Amino acid sequence: MSRYDVTIIGSGPGGYVAAIRCAQLGMKTALIEKYSTLGGTCLNVGCIPSKALLDSSEHFYNAAHTFKEHGIDIPAPKVNFSQMIKRKQGVVDQTTAGIDYLMKKNKIDVHTGHGAFVDRNTISITPAKGKATTIETDKVIIATGSKPISLPFAQIDKKRIISSTEALSLESLPKSMTIIGGGVIGLELGSVYARLGVKVSVFEYMDRLIPTMDKTLSKELEKSLKKIGMEFYLNHSVKDVKGTATSTTLTAEDKAGKKVTVKADYCLVAVGRRPYTDQLGLDKVGVKMDDRGRVETDEHLQTNVPGVYAIGDVVKGAMLAHKAEEEGIFVAEQLAGQKPHINYLLIPGVVYTWPEVAAVGYTEEQLKEKGIAYKVGSFPFKASGRARASMDTDGLVKVLADKETDEILGVHMIGPRTADMIAEAVVAMEFRASAEDIARMSHAHPTYTESFKEAALAATENRALHI
Ligand code: FAD
Ligand code: NAD
């Protein structure tokens, strides 16, 4: 029987990154994954395929709607949907193959099969076909991720009532789609289909889209997405979804009890994800879970069972790939006797719509709730020469800084390439920069990043230059 220093169950961005870091630190490492490809939700049915389709659909949308203004006359473009899906799968395949390579390079033993605790130091691996085997291990990292949540009145049947997984691999382009949930998945995948000409109607029971982000971003995003034809039913609670072999019928009600019924080819359920610990044998070792089904951990990401750790979507906190990665590294370095640190406030959140939405730190709503006195500086992209050149003038950058000390407390952006721009705000906040620090740094001209500098100038002494 093989014996390892550490065994990681689940090969998503949490698990495979933890495995690499453990191996780099000299541990004999095993990685268990039940599927035949590595990379978990993110690489197979999450971050990577959704971004591939977002890029393809954005090209199509621009060819159809903005090329003319740029002085490029082409015949009306047509969607070759099967090619779009094929390209997306090619990107996924290349990316997951890259993880195979990384596992070999780092001499990590990959075991394919369902992993489950036999006891604290013994893990069984049951492959899809064939007999189960067991391995011995000193430490275990649970990185089993999450699965889409279904609703009792809108049960995902994977045919017409679908989750993001099916929405990333439809066989043909539908004419219409209803979406339950105006969060990240609903708006990213809704954008993909709306850009391709599908009638998309989003039902959200809160009073705004992306309700956990700063309110300014919700409002700006709603305006922009309406321009590509997306329809929003905010403050609506979905009561029922019926699916037939060819269509779906969704019924929802607003706060006043007024009913609306929308028929569509597909209904995408995007109301969040649940931690995944099915048949993991946690009961055999007595690992505690919280009331939301997440594996409970302490500040070291250790469970109540010594030597058993948990990271990523299966534990509390944002369900994000880069959060899972940081936690994987954190646990690996602790196992090697180091003293790593994660600042959860500075894990950025991004929505890859167009315009892109990106944020880090506190929202205005949170600062108000905490009673922290703050100042606001904002700068709209319509005042940016770079944004005018590329015709991406929707959106703004908002900097929130401490009223007394000028320390940056939050940065909220919606606009072109803000997914990349937010990194500067993370660096600034990690080093506890003031708004004036950013305002005094040279930003290349013309770039979108100048808008961050301008918003910082606005926050410093209301002295933005270009507005
Ligand atoms: P996962 O990636 O879920 O991996 C867990 C792995 O464990 C899976 O491969 C699973 O098969 C395996 N597993 C589970 N149980 C067992 C077992 N008992 N034995 C063996 N293997 C097991 N996040 C971002 O940061 N940016 C994005 O752009 C983004 N886009 C997304 C788009 C979509 C459509 C979705 C659904 C999610 C997206 N996310 C994004 C979220 C991101 O995918 C997750 O936060 C991330 O994958 C979590 O990583 P993880 O390692 O915790 O778990
Ligand atoms: P989410 O939590 O982002 O959004 C779910 C939305 O559904 C919320 O706005 C919520 O108010 C709404 N909702 C819940 N129940 C509802 C109901 N019955 N009727 C109407 N609305 C309802 O969840 P998601 O979009 O499913 O994404 C799941 C996870 O995946 C998120 O935690 C997210 O972080 C991650 N993800 C990240 C990215 C990214 O980083 N770009 C992309 C996709 C997914």
Side-chain angles (χ1 to χ4, degrees), residues 8-18 31-51 53-54 96 111-117 123-126 141-149 151-154 163-165 167-168 179-190 202-213 218 233-239 252 268-282 310-315 317-325 327-328 347-353 356-358 419:
I8 297 145
I9 310 178
S11 74
Y16 86 75
V17 167
L31 180 69
I32 306 176
E33 171 55 56
K34 65 177 186 170
Y35 290 126
S36 57
T37 56
L38 302 179
T41 304
C42 180
L43 274 61
N44 290 280
V45 291
C47 326
I48 298 299
S50 59
K51 267 79 257 177
L53 290 182
L54 277 156
T96 57
H111 299 268
T112 306
H114 185 98
F117 283 92
I123 309 291
S124 66
I125 302 158
T126 312
I141 305 176
I142 301 167
T144 49
S146 63
K147 291 278 177 205
I149 295 177
L151 293 167
F153 48 85
S163 73
S164 52
T165 303
L168 289 165
I179 298 179
I180 314 180
V184 201
I185 291 183
L187 300 184
E188 288 188 359
L189 293 181
V202 178
F203 291 80
E204 165 60 54
Y205 72 28
M206 303 294 279
D207 60 355
R208 59 188 178 102
L209 302 175
I210 44 169
T212 55
M213 298 187 90
S218 306
Y233 293 86
L234 302 178
N235 279 314
H236 273 72
S237 125
V238 176
K239 296 289 172 197
L268 166 62
V269 182
V271 294
R273 297 174 60 85
R274 67 169 176 90
Y276 183 71
T277 55
D278 296 7
Q279 282 94 48
L280 190 55
L282 293 184
I311 59 171
D313 280 11
V314 79
V315 302
M319 288 185 166
L320 294 173
H322 43 289
K323 178 257 194 187
E325 289 185 26
E327 290 185 336
I347 301 228
V350 172
V351 190
Y352 295 80
T353 45
E356 290 176 337
V357 182

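Both counts, for ligands and for their atoms, begin at 1 and track the order of listing. The structure displayed is predicted, hence computed values, not measured ones.
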Under 4.0 angstrom from ligand 1, any heavy atom of G113? yes
Taking only heavy atoms of V350, which atoms of ligand 2 are found under 4.0 Å from at least one of them? 39 (C), 40 (O), 41 (N)
So, 4.0 Å and heavy atoms of G272: is ligand 2 close enough to count as a contact? yes
Which residue supplies the protein heavy atom nearest to atom 11 (O) of ligand 1, what is that atom called, and how far is it? E33 OE2, 2.7 Å
Supply the atom-to-atom distance T144 OG1 to I311 CD1, rounded to the nearest 0.5 angstrom. 9.5 Å
Out of G145, G349, G115, P49, the nearest non-hydrogen contact to atom 18 (N) of ligand 1 is supplied by G115
Record the part of A321 in heavy-atom contact with ligand 1 below 4.0 Å; permitted values are side chain, backbone, both and neither. both
Indicate, as side chain, backbone, both or neither, the part of M206 found under 4.0 angstrom from ligand 2 when only non-hydrogen atoms are considered. side chain
Any nitrogen or oxygen of I180 lying under 3.5 Å from a nitrogen or oxygen in ligand 2? Just yes or no. no
Does the N or O separation between E204 and ligand 2 drop below 3.5 Å for any pair? yes
With a 4.0 Å cut-off on heavy atoms, is R273 in contact with ligand 1? yes
Proximity flag A318 to ligand 2, non-hydrogen atoms under 4.0 Å: no
Indicate yes or no: at least one non-hydrogen side-chain atom of F117 is less than 4.5 angstrom from one of L282. yes
